[in-house]
Amino acid sequence: PHNQTKKSSAPPISFILSVLFQLMLAPISFLLVIFSAAGLANSDTLTKLQSLVLDTSLLALPAIPLLTALILAILRATQSKHYHLAWNLISIVSITIYVFYALSLTP
């Protein structure tokens, strides 16, 4: 008898939501850096290194969620044993670190 259940090839909803979350987080983090760095740059109290970190964050912080989404997609597609939704924490932790850094620069 054919009592075998057919294995679905559709990705689970957790994967879809995870990738969508990362794709939404990229422009949000870009806007976060633009407005916070612009406000801090107007204070004229930043050192060259602090200014460089803020400038680098403008491109790096939005790239992290995009790379995370790509990593999740590749690991899911290859059915890697390293696929886990904990990869989402990379973006959240990096944005949190940036927020604390920007707050530490506030006069």
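Atoms considered below: every heavy atom in the structure, side chains included; atoms not considered: hydrogens, waters and symmetry mates.
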Practice task
Give every residue pair that meets the side-chain hydrogen bond (donor to acceptor under 3.5 Å, both in side chains) criterion with at least one member in residues 13-23, sequence neighbours excluded.
Solution key: Ser18-Asn88, Gln22-Asn88, Gln22-Ser91
Do any side-chain atoms of residues 52-59 form donor-acceptor pairs under 3.5 angstrom with protein atoms, and if so which ones, sequence neighbours left out?
| residue | atom | partner | partner atom | Å |
| --- | --- | --- | --- | --- |
| Thr56 | OG1 | Leu52 | O | 2.8 |
| Ser57 | OG | Val53 | O | 2.7 |

Handout entry: Linked, directly or transitively: Phe35 and Val33 (ILVMFWY side chains, under 4.5 Å)
Key = no
Exercise for the section: Determine whether Leu20 and Leu70 fall in the same hydrophobic cluster, where Ile, Leu, Val, Met, Phe, Trp and Tyr are linked whenever their side-chain heavy atoms lie under 4.5 Å apart. Expected result: no
Practice task
Check the hydrophobic clustering (I, L, V, M, F, W, Y; side-chain heavy atoms under 4.5 Å; chains of links allowed) and say if Ile34 and Leu46 are grouped together.
Solution key: yes
Exercise for the section: Report yes if some heavy atom in the side chain of Leu32 is under 4.5 Å from a heavy atom in the side chain of Val99; otherwise report no. Expected result: yes
Completion exercise
d(Leu61 CG, Leu25 CG) to nearest 0.5 Å is 8.0 Å
Exercise for the section: Using the test side-chain contact (heavy atoms from CB on, under 4.5 Å), find all partners of Phe15 that sit at least two apart in sequence or belong to another chain. Expected result: Pro11, Pro12, Val19, Leu72, Ala73, Arg76, Tyr83
Exercise for the section: Output yes when a side-chain donor or acceptor of Thr68 lies under 3.5 Å from a complementary backbone atom of Ile64, and no otherwise. Expected result: yes
Problem - Same apolar cluster (I L V M F W Y, side chains within < 4.5 Å links), Ile90/Leu67 - result: no
Exercise for the section: Would you tell me whether Thr45 and Ser43 have side-chain atoms, one donor and one acceptor, within less than 3.5 Å of each other? Expected result: yes
Problem - side-chain hydrogen bond (donor to acceptor under 3.5 Å, both in side chains) contacts touching residues 28-37 (sequence neighbours left out) - result: Ser36-Tyr98
Problem - Side-chain donor or acceptor of Trp87 paired with backbone N/O of Leu75 under 3.5 Å - result: no
Completion exercise
Across all chains, not counting sequence neighbours, the side-chain contact (heavy atoms from CB on, under 4.5 Å) partners of Leu66 are Leu23, Ala26
In a table with atom names and distances, give each donor-acceptor pair under 3.5 Å that connects a side chain of residues 100-107 to protein atoms at least two apart or in another chain.
| residue | atom | partner | partner atom | Å |
| --- | --- | --- | --- | --- |
| Ser104 | OG | Tyr101 | O | 2.6 |
| Thr106 | OG1 | Ala102 | O | 3.2 |
| Thr106 | OG1 | Leu103 | O | 3.3 |

Practice task
Report the distance from atom CG of Leu17 to atom CE of Met24, rounding to the nearest 0.5 Å.
Solution key: 9.5 Å
